[in-house]
A.B. asks: 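Submitted below is the structure of interest, expressed as structure tokens.
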Number of protein chains: 2
Amino acid sequence: MPAPTPKPASPADALAPAAPVICTVDIVLLTLVDAELQVALLQRDREPFQGALALPGGYIHPQEDDSAWDAAARVLRDKAGLPNPYLEQLATFSGPGRDPRGWSLSVAYCALVPAAELAAPTAGPLVLRPVARLPSLPFDHRAIIDTAVARVRTKSQYSSLPVYLCGQVFTLPQLQAVYEAVLGEPVNKVSFRRKMDELAMLEPVEGAMTTGGAHRPAQLWRLRKPFERRLSLSERGLGVGG
Amino acid sequence: MPAPTPKPASPADALAPAAPVICTVDIVLLTLVDAELQVALLQRDREPFQGALALPGGYIHPQEDDSAWDAAARVLRDKAGLPNPYLEQLATFSGPGRDPRGWSLSVAYCALVPAAELAAPTAGPLVLRPVARLPSLPFDHRAIIDTAVARVRTKSQYSSLPVYLCGQVFTLPQLQAVYEAVLGEPVNKVSFRRKMDELAMLEPVEGAMTTGGAHRPAQLWRLRKPFERRLSLSERGLGVGG
DNA sequence: ATAATAGTGTCTGTTAGACATTATGCA
DNA sequence: TGCATAATGTCTAACAGACACTATTAT
């Protein structure tokens, strides 16, 4: 063996490593504005990258969080005023270079919320940016967002995921427009309605219709209770290309 | 507010939390033996749960690992003698109760290898157990394995994932048997071959046939180069129910 | 020749998409 | 009454699965 290297051999894992890992969560909070997927960003209030727009996130607090998921829910509650959004784990990003403070690990989560909920005054100083035209972002937040968008697009092809971008009640034409915005391509109306029927996740809201223009009003629908926090999956997808 | 609680209010995240998070990786190493999915387990050589069978894993070493993926690859290399297996991130498991040493976080990875590679003498003291009949396991390793198996089953429905359970070359009847073992149900031969053709990931190995019994030998195939480390995805799946 | 498995041709039922038609409210 | 959109009926093309048939080797 030549001269000693900066990488000390690990002492058989007997103890936790000396250099601690910085453990955080980051949330990709997506919503739909102007028929476009937008991500919520927050101006950082401290170093590193103080003042820059970045994903909402924060340290995992072992004292108060029962899991990384709980840490993400806490961040969403405290920084976005969202008490109970749809929230699912995306992936974990890690390495020595992604955070100037040192070797870091971030469990990334993806949250979907209706745009109306982000407009509420409790939503805090969130800033929305279209995922198709992102500003330059610190850390590896661009890669995290790209991963989230790809996941949402893929999952929308065969699941009820986009309903979390709608409000409590919605019409089928509205829901179809949401699918089309997320997938980025038109969807066949007849097939779409057949799929929604087959997914068996919607129930009509009796006696209620939208009013708008000089035309027939549309039936209102809402999620059936078993699917309020659980996706409905289609075996064959919606037939839109991936 | 009443008396002080054991949960100190977080000081605005100014510093990393006092109690460090135990950061590890765990690997669900799956292979196919006797037409059954089996997971590789290792007898733990230290506390906690010394002597018990558990998933191979270990601390993330910030000094030598460039990412959690690298840590998982290192564990597979050192503990299973596998230099370059198929390895993908599964999910991250965390919380105060999963490890008696304290609040811990484990990035779980899923590896697929041909059974022949695990039989090699370099493979170390790994023990294979059918995922359908798991022994009692420490930590939350049972939940991690169940998640991995569910993921592999789902992904096998629409991708080339099971080829990583085959060796370098294989016949289509062999590959179909692998799919059937993973999915747990028979697959239509004609449809299966149509899909394999459509996935465009295989190329015939010229002039080579398997020899075995008193019957027509089968064509040998191998993965085309672009797919050696990349899955091929089918838009519509293999038609088997999920 | 026979056995046994590999590989293919073909038919049929199912599914998805295109198109056309009816429904319903408002101006 | 006409217009605009909602909702549905129907035809057709694409696809998956069942079945049967041919191919090829060893015995």
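The basis for the numbers below is simple: all heavy atoms, side chains too, and nothing from hydrogens, waters or symmetry mates. Model, not experiment: these values are computed from the prediction. Letters A, B, ... are given to chains in the order of the sequence lines, protein chains preceding strands, and every chain is numbered from 1.
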A.B. asks: What is the distance from CG of A/Leu220 to P of C/dG25, rounded to the nearest Å?
C.D. replies: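 Distance, rounded to whole Å: 13 Å.
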A.B. asks: Closest heavy-atom contact between B/Asn188 and B/Gln176?
C.D. replies: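 Looking at all heavy atoms of both residues, the closest pair is C-NE2, 4.2 Å.
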A.B. asks: Rounded to the nearest Å, what distance is computed from the CD atom of residue B/Gln174 to the C1' atom of nucleotide C/dG7?
C.D. replies: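 Taking atom C1' of C/dG7 as the reference, CD of B/Gln174 is at 15 Å.
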A.B. asks: Within less than 4.0 Å of OP1 or OP2 of D/dA18, is there a side-chain N or O belonging to B/Asn188?
C.D. replies: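 Yes, such a contact exists.
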A.B. asks: Would you mind telling me which of A/Leu29, A/Ile27, A/Leu41 makes a side chain to side chain contact (heavy atoms under 4.5 Å, CB included) with A/Leu55?
C.D. replies: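 Exactly one candidate clears the test, A/Leu41.
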A.B. asks: What is the distance, rounded to the nearest whole Å, between atom CG of B/Leu202 and atom P of C/dG7?
C.D. replies: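 My rounded result for the distance is 12 Å.
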A.B. asks: C/dT8 C1' sits how many Å from B/Asp197 CG, rounded?
C.D. replies: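 From B/Asp197 CG to C/dT8 C1': 12 Å.
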A.B. asks: Sequence neighbours left out, what passes salt bridge (charged side-chain N to carboxylate O under 4.0 Å, His left out) with A/Glu117? Give chain and number order.
C.D. replies: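 Once residues adjacent in sequence are excluded, A/Glu117 has no partner under the salt bridge (charged side-chain N to carboxylate O under 4.0 Å, His left out) criterion.
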A.B. asks: Looking at B/Lys155 and B/Glu88, is any side-chain nitrogen of the basic one under 4.0 Å from a carboxylate oxygen of the acidic one?
C.D. replies: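 A salt bridge links B/Glu88 with B/Lys155.
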A.B. asks: Output the rounded distance in Å from CD (B/Glu235) to P (D/dC15).
C.D. replies: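 So the CD-P distance, B/Glu235 to D/dC15, works out to 9 Å.
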A.B. asks: For D/dA7, does either OP1 or OP2 sit under 4.0 Å from a side-chain N or O belonging to A/Arg193?
C.D. replies: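 It does, given that an N or O in the side chain of A/Arg193 lies less than 4.0 Å from OP1 or OP2 of D/dA7.
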A.B. asks: Across nucleotides 20-27 of chain D, 5' to 3', mark each nucleotide with B, S or - according to how protein heavy atoms within less than 4.0 Å reach it.
C.D. replies: ---BBBB-
A.B. asks: Looking at B/Arg229, I want to see if its CZ is surrounded by more than 12 non-hydrogen atoms of other residues, nucleotides or ligands under 6.0 Å.
C.D. replies: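 It does: B/Arg229 CZ has more than 12 such atoms within range.
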A.B. asks: Closest nucleotide of DNA chain C for B/Arg194 versus for B/Leu172: which of these residues is on the 5' side?
C.D. replies: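 Whichever sits nearer the 5' end wins; that is B/Leu172.
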A.B. asks: In whole Å, I'd like the distance from the CD atom of B/Gln176 to the C1' atom of D/dG17.
C.D. replies: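 Those two atoms, CD and C1', are 12 Å apart.
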A.B. asks: Checking A/Tyr179 side chain against A/Ser156 main chain: does a donor-acceptor pair fall under 3.5 Å?
C.D. replies: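 Not a single qualifying donor-acceptor pair exists.
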A.B. asks: A/Met196 has an atom CE; how far is it from atom P of C/dA16, in whole Å?
C.D. replies: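 One finds 11 Å between P of C/dA16 and CE of A/Met196, rounded.
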A.B. asks: When you look at CZ of B/Arg224, are more than 12 heavy atoms from neighbouring residues, nucleotides or ligands closer to it than 6.0 Å?
C.D. replies: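 Count over threshold, so yes.
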A.B. asks: What is the separation between atom CD on B/Glu198 and atom P on D/dC15, rounded to the nearest whole Å?
C.D. replies: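 After rounding, the reported distance stands at 8 Å.
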